[in-house]
Amino acid sequence: MVQMLRERGIKKSDLSREDFLKYAWEWKEKYGGIILDQLKKLGASCDWDRTRFTMEPKLSEAVIDVFIDLYKKGLIYRGLRMVNWDPLGKTALSDEEVIHKEVQSKLYYIKYKMADSSKDFVTIATTRPETILADVAICVNPNDERFKSIVGKKVLVPFLNREIPVIADDYVAMDFGTGCLKVTPAHDVNDYALGQKYNLPVIDILDESGFLNAAAEDARYIGKDRFAVRKQIVIDLEEAGHILKIEEYKNQVGTSERTGAVIEPRLSLQWWIDMKKFMEKNPQVLESVMNDEIKFHPAKMKNTYRHWLENIKDWCISRQLWWGQRIPAWYDENNQLVAVAKTEEEAQQIAQSKNSQQPEASSQRPLRLHQDEDVLDTWFSSWLWPISVFDGFENPENKDIKHFYPTNDLVTAPEIMFFWVARMIMAGYEYRGEKPFSNVYYTGIVRDKQRRKMSKSLGNSPDPLDLIKQFGADGVRMGMLICSPAGNDILYDDSQVEQGRNFANKIWNAFRLVKGWEVKPDAGFAKEILDANVLSANWFAGRLSQALLDIEDKYKDYRLSEALMSIYKLIWDDFCAWYLEMIKPVYGEPMNESTYQTTLGFFEELMKLLHPFMPFITEEIWQNMAERKAGESICIANYPIPSKAISPDLSRVFETIQQIRNLRNAKGLSPKEVFEISIKANDKGLYLPYSFLIQKLANVSAIHFVDAQPAGSTLLPVDTDEVFVVLNLQIDEAAEREKMEKEIAYLEGFMKSVNAKLTNEKFVANAKPELVEKERQKKADASAKIDVLRKSLGV
RNA sequence: GGAGGCAUAGCUCAGCUGGUUCAGAGCAUCUGCCUUACAAGCAGAGGGUCCGCGGUUCGAACCCGUGUGCCUCCA
């Protein structure tokens, strides 16, 4: 906003309040619009017709009404207090708007002469030598032997030669610096408290811009910036022999979230919410989160929330800005607060009635009133959002608010927990007597690979619209979501969104495959193909409903990235890599009608599952799957529900196929090389119906069932069964034996540990019976596998 | 200085009520393949002192203590 004005050559100081607001609205339309546009491009499916803005008349009115209401309830007061002052923005800030940064600074040791002696002096240590001009006392710890003799005496402030007392208070740490603390009530929170306690004067030497004012007394510094003065005063002190030494020192400095300026603790008259009182009135604000009536995801955030609320400080809600809702407080000619009221007329009435209560009140003339120049903190409007957005203040019983309040989920960033989440909960209980939402999902903060927060000034944040151009909106969404468990930071890297793009590509190719098939009636197909396709479909149907249940569980726990991962694997591994390969006709051959329909049905279910994560491609495919009527959309299609389908057990079939592929790989054989296999199975039924599939997927020409190992064959163990392959090439027998021996050794180790448990009486006695049974089963399985391997080795 | 969180594969993270089919996933890496949907792909493989040390337990990645390191918030 300031930049926009600068570009047009307009100075803020030349503008009236009204003019400034005109530009501010213009700015808001432009930049607010950009953000909404980015959200739309990303595919956020918001109810755009309800887009609202806190500065709208209706919402602003709610803000003002709430202020007046809280004032009447005695929860808002106006008071002179130490605030966080932003000298660049020339406004007060709340504690939450101050960012603490560690900086390398210096600790200056400065000598103060004793008033009663020309030789003796005390030394203080400070990081802010410019504030000595505002010193009103020196404080030491009462238990500090070194300084007992000087307590009650006076010292002289360098240059000014103002006499200030030496006082004692155990607030002072004896082991920090010199043990002597200079007390500057106007410029430090703790010093202010000390000043109050010992009734010390307050000398404020800084103006609203952080420049030294006349109270600094020394003409060399008046009218200069605090940092310039710091440099100069050190030189001057050094020349005058007041500096004992200067040390390097690391300390925390508060900076403004808006302007980056170093915060100045400053005494000023501001409006506050009495949070202690507020919390006493609304204990549910804490309770509801602690007892999970409002659930935080991840739950560990509850600790932070509790800690903040238990140590809550009053909320400074006034800001010395023009942009915002103006505080509805009215003052008379002497700047005395007359009334808090919505309009000047009301304020007049209040003033009159106050007057009339005083019998000697002479005049009933209207007073000359003026409104408070300050506005309210933006968060003072944001905290009302869940209510004000549905017009719940003016019409507390309207249909919308009754329907939408409380809402289910709030999705927000962890850094906003105090600013907004906590305060929405506060407003919720105060004004609706009810929580505003049931779940708070804290997203990760996107950082770059060096874990730096993405920011405009660092220039390390990619432009979302640019990314969308490169990887597609779906790719960006998928890439970001798959690596972002709740509350964990996201380290941005191109490879993530690449993964998203690749996935979109994979889906599109799968769709091309399915749509490319020539479909013919079932009647013309060989029985073994039809049977195999039915079996394949049964298997996938079972997988799908199992996955649906799994995904549902993850959603219930708000594990969004895990839900997405399950969908990703379901589509890529189960559907594309297995199912489509199982039913895929030989090149040039047609697909039978019923399998085609079933497959299209699966595809549709998968698209619906994925739609929340990748809205664009899923809609596109869904629209192309079948004839759709106008107005139909995957957005409003029914979400898949799990069927009762149970997959036939294909684990041994899959393992057989994998073992054969693996063998080819290990032996450097081409996948095109065809050979026969023999299977010695405990239960032929687990293989026989799927012979066709094994042949197709493992490129095997024939399957024989045998009772003994054929001569010259290689063994592939599949669970407790044996698969044999005769290869027309030299087999490295030694290597084969070694491999098997290694496997046996592992299994024996495994058996040993299982045995150790089973022979342990305490285990058998204490462990759950199912567990013991499970261990017995493990032992039997391992033992059977060992037998297979041993026999093959001829041991 | 105070409070909280975290530490598992190269990276980002799962791992429920302690129980070796529990040491896992995705990405990255390596090997072999241009196999008619897809090389932005296919088929495989390797990779870990579960931060160190103590304790509880028949049994610890998981519970307790302690040390170290990182992060966040507050002063």
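None of the values given here were measured: they were computed from a predicted structure. To find a chain, count down the sequence lines: A is the first, B the second, and so on, and within it residues start at 1.
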Atom CZ of A/Phe418 and atom C1' of B/G4 are separated, to the nearest Å, by 10 Å
query = Just checking A/Arg306: base, sugar-phosphate only, or nothing, at a heavy-atom cut-off of under 4.0 Å?
reply = nothing
Dot-bracket for RNA chain B, 5' to 3', Watson-Crick and G-U pairs with both distances under 3.5 Å, [ ] for crossing pairs, | for partner on another strand, reads (((((((..((((.....[....)))).(((((.......))))).....(((((..]....)))))))))))).
Note to self: Please give the distance between the C1' atoms of B/A25 and B/A9 as a whole number of Å.
What the structure shows: 11 Å
>> Measuring only the P atom in each nucleotide, how far is B/A61 from B/G54? A whole number of Å is fine.
In response: 14 Å
Quiz prompt | A/Asn662 side-chain N/O to B/G44 phosphate OP1/OP2 under 4.0 Å | solution = no
In this structure, OG1 of A/Thr714 is separated from CG of A/Leu716 (nearest 0.5 Å) by 7.0 Å
Heavy atoms of A/Gly195 and A/Pro185 approach each other most closely as CA-CG, 4.4 Å
Item to complete: Decide, yes or no, whether a salt bridge links A/Arg652 with A/Glu655 under the criterion of side-chain N to carboxylate O below 4.0 Å.
Response: no
Between A/Phe471 and A/Arg501, the two heavy atoms sitting closest are O-CB, 3.8 Å
**Request:** Quote, to the nearest angstrom, the P distance that separates B/A45 from B/G4.
**Result:** 46 Å
*Give a yes or no on whether a salt bridge exists between A/Arg128 and A/Asp188, defined as a side-chain N under 4.0 angstrom from a carboxylate O.*
no
- Query: Can a cation-pi geometry be assigned to A/Arg423 and A/Trp315, taking NZ or CZ under 6.0 Å from the six-membered ring centre and within 45° of the ring axis?
  - Reply: yes
### Message
Applying a 4.0 Å non-hydrogen cut-off, can you work out what A/Lys313 is touching in the nucleic acid: base, sugar-phosphate, or nothing?
### Response
sugar-phosphate
Between A/Tyr305 and B/C73, does any side-chain N or O lie under 4.0 Å from OP1 or OP2?
no
Here the gap from A/Phe602 atom CZ to A/Leu580 atom CG, rounded to the nearest 0.5 Å, amounts to 10.5 Å
Rounded to whole Å, CG of A/Asn311 lies from P of B/G4 at a distance of 11 Å
Going 5' to 3' through nucleotides 35-41 of chain B and flagging B where a protein heavy-atom sits under 4.0 Å of the base, S where only the sugar-phosphate is that close, and - otherwise, we get BBBB-BS
message = Taking only the P atom of each, what is the distance from B/C13 to B/C71 in whole angstrom?
response = 14 Å
In terms of heavy-atom contacts, A/Thr599 and A/Val514 come closest through CG2-CG2, 4.2 Å
Separation of B/G15 atom P from A/Asp553 atom CG, nearest Å, is 14 Å
**Item:** Inter-nucleotide C1' distance (B/G32, B/C70), Å rounded
**Value:** 41 Å
Rounded distance in Å between the C1' positions of B/C30 and B/C16 = 35 Å
Margin query: If you count every heavy atom of other residues, nucleotides or ligands that lies below 6.0 Å from A/Lys520 atom NZ, does the total exceed 12?
Written below: no
inquiry  = Work out how far the C1' atom of B/U66 is from that of B/G26, and round it to whole angstrom.
reply    = 35 Å
Query - Euclidean distance for C1', B/U12 against B/G52 (whole angstrom) - result: 24 Å
To the nearest angstrom, the CZ-P distance between A/Arg559 and B/G26 comes to 17 Å
From CD of A/Glu310 across to C1' of B/A75 the rounded distance in Å is 17 Å
Q. Taking everything shown except A/Lys295 itself, do over 12 heavy atoms lie less than 6.0 Å from its NZ?
A. no
When the ring planes of A/Tyr558 and A/His297 are compared, do they come out parallel, tilted or perpendicular, using 30° and 60° as the limits? parallel
From OH of A/Tyr568 across to P of B/G26 the rounded distance in Å is 8 Å
Contacts of A/Ile657 and A/Ser495 projected onto RNA chain B by closest heavy atom; the upstream (5') one is A/Ser495
Which of B/A3, B/G5, B/G26 is nearest the side chain of A/His307? It is B/A3
Side-chain atoms of A/Asn665 come closest, of B/G4, B/G44, B/G26, to B/G44
Taking B/G4, B/C27, B/A43 as options, the one with an atom nearest any side-chain atom of A/Asn303 is B/G4
Here the distance between atom C1' of B/U72 and atom OH of A/Tyr442, to the nearest Å, is 14 Å
To the nearest angstrom, the CE-P distance between A/Met565 and B/C13 comes to 13 Å
Practice prompt. Give A/Gln658 one of three labels, base, sugar-phosphate or nothing, depending on what nucleic acid heavy atoms sit under 4.0 Å from its own.
Written response: sugar-phosphate
